[in-house]
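Just so we're clear, the structure is a prediction, and the values are computed from it rather than from any experiment. A note on names: the letters A, B, ... follow the listed sequences, proteins ahead of strands, and every chain is numbered from 1.
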Number of protein chains: 2
Amino acid sequence: MVGSVTTDELSLVFGALADPTRRAILERLARGDATVNQLAEPFAMSQQAISKHIKVLEKARLVRRTRAAQARPCALDAVRLDAAAGWIAEHRRIWADRYDRLDEHIAHLRERNEP
Amino acid sequence: MVGSVTTDELSLVFGALADPTRRAILERLARGDATVNQLAEPFAMSQQAISKHIKVLEKARLVRRTRAAQARPCALDAVRLDAAAGWIAEHRRIWADRYDRLDEHIAHLRERNEP
DNA sequence: CGCGTACACAACTAAATGGTTGTGCAACGG
DNA sequence: CCGTTGCACAACCATTTAGTTGTGTACGCG
């Protein structure tokens, strides 16, 4: 693609969440910090592949990394998730309003057609 | 990529949301149903490209389409957004718990080191 | 020191993504 | 009936993505 010049934050977050492996990594991290190898262990996938996934999560700022000796433990960063949750919540509200009206409309039709 | 065999629902939804153009389309639709051309108008992009974006949104079941004469109006479908919101909400809760404990821990350290 | 462990970087690849242009086609309006 | 409108399908292309293998390197340990 000719491509968007600046991939915005929200796109990074949603993009990071749009992969089962990465969501599984986040779920694993929710139960406690972990090293790359610990994260890689449950998956039928190379350590390098997991490393790449972690980098995606880092770019989206969903995880932070520290440098502890030879290990590079991963920890969750919730800030960006709030942005995603915020967007969805905002739009769910609008959706919901519209659907309430739609429900009314349908109810109205039913009332006329199924007396 | 060798690829996930079955791209699950959540991935489709997050994937659909991971694009500014598609989010803009959803925002436009939140203000009322629209035809493809109406949706395409604000963008410096061909009608066909918008058509593709809409198809992505349809696959994620974020929009529904009806066939009204020669027009194919688009309308929002909130069901899947709930799934995404649910996932985030669930994990935000876990994150928050962890951060509360972290805050406690930090507070505890401060208490000892900065009397 | 020399080895193992834990990880990252590089190069390669297949497939998906996001765009283009060109074309077809169904429906309405004169 | 014929042109215009509204949209989808197809072929093509560049870029990104998600994986691979191979290799390098920093750190801790005996």
Collect all protein-nucleotide pairs involving nucleotides 10-12 of chain C in which both atoms are nitrogen or oxygen and the distance is under 3.5 Å.
none

- Message: Any side-chain N or O of A:Arg65 below 4.0 angstrom from OP1/OP2 of C:dA8?
- Response: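 For C:dA8, OP1/OP2 do have a side-chain N/O of A:Arg65 under 4.0 Å.
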- Under 4.0 Å: is that the gap between some side-chain N or O of A:Ser51 and OP1 or OP2 of C:dA8?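 Checking A:Ser51 against C:dA8: at least one side-chain N or O falls below 4.0 Å of OP1 or OP2.
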- Item | Side chain of B:Ser46 - closest among C:dT20, D:dC7, C:dA6 |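 When the side chain of B:Ser46 is considered, C:dT20 is the closest of C:dT20, D:dC7, C:dA6.
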- Query: Which nucleotide, C:dA8, C:dT20, D:dA8, lies nearest any side-chain atom of B:Gln47?
  - Reply: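 Between C:dA8, C:dT20, D:dA8, the one nearest the side chain of B:Gln47 would be D:dA8.
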- Should the pair A:Arg23-B:Asp8 be classified as a salt bridge under the 4.0 Å nitrogen-to-oxygen rule?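 Yes.
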Euclidean distance, atom [atom1] of residue [X] to atom [atom2] of [N] [Å, nearest integer]:
X: A:Ile50; N: C:dA8; atom1: CD1; atom2: P; answer: 12 Å
X: A:His53; N: D:dT20; atom1: NE2; atom2: P; answer: 9 Å
X: A:Asp19; N: C:dA15; atom1: CG; atom2: C1'; answer: 14 Å
X: B:Lys55; N: C:dG19; atom1: NZ; atom2: C1'; answer: 14 Å
X: B:Ile54; N: D:dC9; atom1: CD1; atom2: P; answer: 12 Å

- Hey, which of these two, B:Asn37 or A:Ala49, hits DNA chain D nearer its 5' end, going by closest nucleotide?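 Closest to the 5' end, via its nearest nucleotide, is B:Asn37.
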Which residues pass the side chain to side chain contact (heavy atoms under 4.5 Å, CB included) test with [X], not counting sequence neighbours?
X: A:Ala49; value: A:Met45, A:Ser46
X: A:Ala18; value: B:Phe14
X: B:Glu41; value: none

- Item | 4.5 Å side-chain heavy-atom contact, A:Leu17 and A:Leu26 |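 Yes; the side chains approach each other to less than 4.5 Å.
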- Task: Using the test side-chain hydrogen bond (donor to acceptor under 3.5 Å, both in side chains), find all partners of A:Arg28 that sit at least two apart in sequence or belong to another chain.
- Result: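 Here no residue qualifies.
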